[in-house]
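Contents: one structure, followed by commentary.
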Amino acid sequence: MEELKKKGIRLTLDAEKLIEEKKIPDEELLQLEKKFITIEDVSLILKKKEEAASEELSYQAQKVSEIKESEPSPIESSISDEPSPSMQEEKPTHAVSGLPSFHPLAKEYSAKIEIREKLDVTGNSRTKGEVEDFVAYFRNRFERLSAMLRAYPGKYTEADLSSMKSLLQQKVRVIVFVSEIRTTKNGNLMLEVEDLTGNFKVILSQKDERVFENAKKIVRDDTIAIEGKVLEAFIIAEDFEWPDIPLAREPKESPHDLAAVYLSDLHFGSRHFLDEYFNRFVEWINGKSANPELAGRVKYIFVAGDLVDGIGIYPEQEKDLVVSDIFKQYSMFSDFVDQLPDYIEVIVSPGNHDAVRRAEPMPALPDEVFRGDVIKVGSPSVVSIDGFEHLFYHGTSADSWISTLSNLNYNHPEKVMEECLKRRHLSPMFGGNAIVPEKLDYMVIERVPDIVHFGHVHKNGYSNYRGTLIINSGTFQDTTDFQQKQGHVPTPAKVPLYEFKGKRLRTLDFTR
Ligand SMILES: [Fe+2]
Ligand SMILES: [Fe+2]
């Protein structure tokens with residue numbers, strides 16, 4: 001490798017190891033014409049050599065197959081806001097001597113993955129961040145959320161805010177954007193609202209306890225429908241609603257008994273990364289356990305962001321790092337992917353610790369930081385998996401949600417996602433969470449998901465909201481001092497697994 005070093009070409013540790021092991025000459029590596037050589041590049045050279053020798057590569061046949069259309073229906077027909085009773089924690093059977101042979105069912109089926117590319121900012125970012133981009137961004141959001149509200153007509157006729165003066169004493173329905181929220185000296189709520197025609201004020205009186213309690217959850221920049229009586233200076237609201245997801249949907253069926261594993265917040269490179277527990281998971285997924293049947297049904301692994309710990313993410317982070325080179329951190333993630341059975345499809349979306357722009361929506365991780373045999377999507381992104389519509393989002397907005405609404409906290413991240421689904425928006429409060437004003441607001445929840453997968457708060461949390469399964473997948477990182485100060489209570493090494501046919505969510509505990 002002398003020649004490479006002379007030319008200033010860098011190598012990942014695992015690439016260097018493999019080059020030495022396989023005795024690949026410098027000339028072959030120089031032909032790559034790359035400044036940074038990863039294990040994938042080396043593997044590619046080896047693969048080509050094998051092909052030349054006419055050896056068949058079995059995994060080629062198992063490449064991603066994208067299905068054309070999936071049935072638009074949910075996971076459960078039952079309308080329940082309670083977590084499914086089958087979400088109990090389980091201790092996976094660990095490696096023992098005299099292991100049974102491993103015949104994974106998931107190897108028998110090809111993957112069915114369809115990425116909804118129009119709902120993913122990856123490759124679609126067009127903004128310059130100028131004033132007109134912000135105008136277009138808010139307009140796009142308002143128009144799409146208004147259309148959702150309009151799909152279910154209210155009691156009264158809809159009116160524009162510009163026509164309020166001509167509708168005095170009448171009862172109307174208005175669809176508005178909330179620009180400000182205040183408490184009046186009488187203790188009522190006063191909203192400053194606007195639509196595309198003008199602005200007005202709305203009073204929500206504390207005399208109606210049910211509506212008032214609900215109204216305390218209205219946040220700045222919410223889009224809502226309000227019904228009430230028009231007075232000279234304001235509307236006295238009788239009721240209001242968020243766009244929300246529908247209550248009733250057809251049940252979704254899966255013909256194959258396959259399963260998916262939901263991961264997030266691995267934080268490779270962190271001093272607090274829990275190797276021992278993670279290695280147990282890797283052994284388990286490879287069928288090295290007394291009862292490998294369940295592991296053998298895992299066809300998909302999703303990672304909803306924070307694959308690595310990154311660098312310079314928070315003050316004095318270097319104290320928490322064992323690997324402070326971002327490329328090496330991603331190479332640790334690639335090593336993990338390499339250890340997975342070939343028949344498993346891995347889908348990754350980025351988080352705030354990853355090497356993409358910090359503001360949302362975040363595009364997929366670029367090939368320059370790592371390649372690996374994975375499918376990369378943005379955050380948020382929408383992907384149909386075996387006909388089940390998945391919404392992947394890192395969950396960065398959870399911080400601003402939790403600091404804004406008193407009913408939310410870090411111990412129940414699933415409640416945060418319920419608020420998002422209710423609003424059909426992942427991060428409505430502008431300024432609470434950094435947002436890039438794209439012409440299409442990618443944070444709008446356009447399609448009703450069957451499963452929402454998110455992370456970021458490092459705490460497992462699940463719920464079934466109007467038939468949509470919410471999964472927060474915890475972490476494989478132990479508590480850092482920073483998290484302790486922030487009030488985080490992580491639940492590391494607890495891995496959610498969902499069985500599509502049986503519609504069962506389990507949590508596998510790798511700490512035991
Ligand atoms: Fe994280
Ligand atoms: Fe995060």
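We're numbering straight along the sequence, starting at 1. Both ligands and their constituent atoms are indexed starting at 1 by order of listing.
Ring centers of F510 and F278: at least 6.0 Å apart, outside the cut-off. The six-membered or imidazole ring of H267 lies away from that of F476, with a centre-to-centre distance of 6.0 Å or more.
Within the cation-pi definition used here (under 6.0 Å to the ring centroid, within 45° of the axis), K376 qualifies as a partner of F370.
Listed by chain and residue number, nothing satisfies the salt bridge (charged side-chain N to carboxylate O under 4.0 Å, His left out) test with R424 (two or more places apart in sequence, or in another chain).
Electrostatic pairing of D342 and K107 does not count as a salt bridge here, judged by no charged N lying under 4.0 Å from a carboxylate O.
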Exercise. Could you walk me through whether N124 and E438 pass side chain to side chain donor-acceptor pair (under 3.5 Å), step by step?
Key: CA-CA 9 Å; N124 294 324; E438 299 288 351; over 6 Å; no

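Around the Fe ion (ligand 1), the protein N, O or S atoms closer than 2.8 Å are D265 OD1, H267 NE2, D306 OD2, H458 NE2, listed by chain and residue number.
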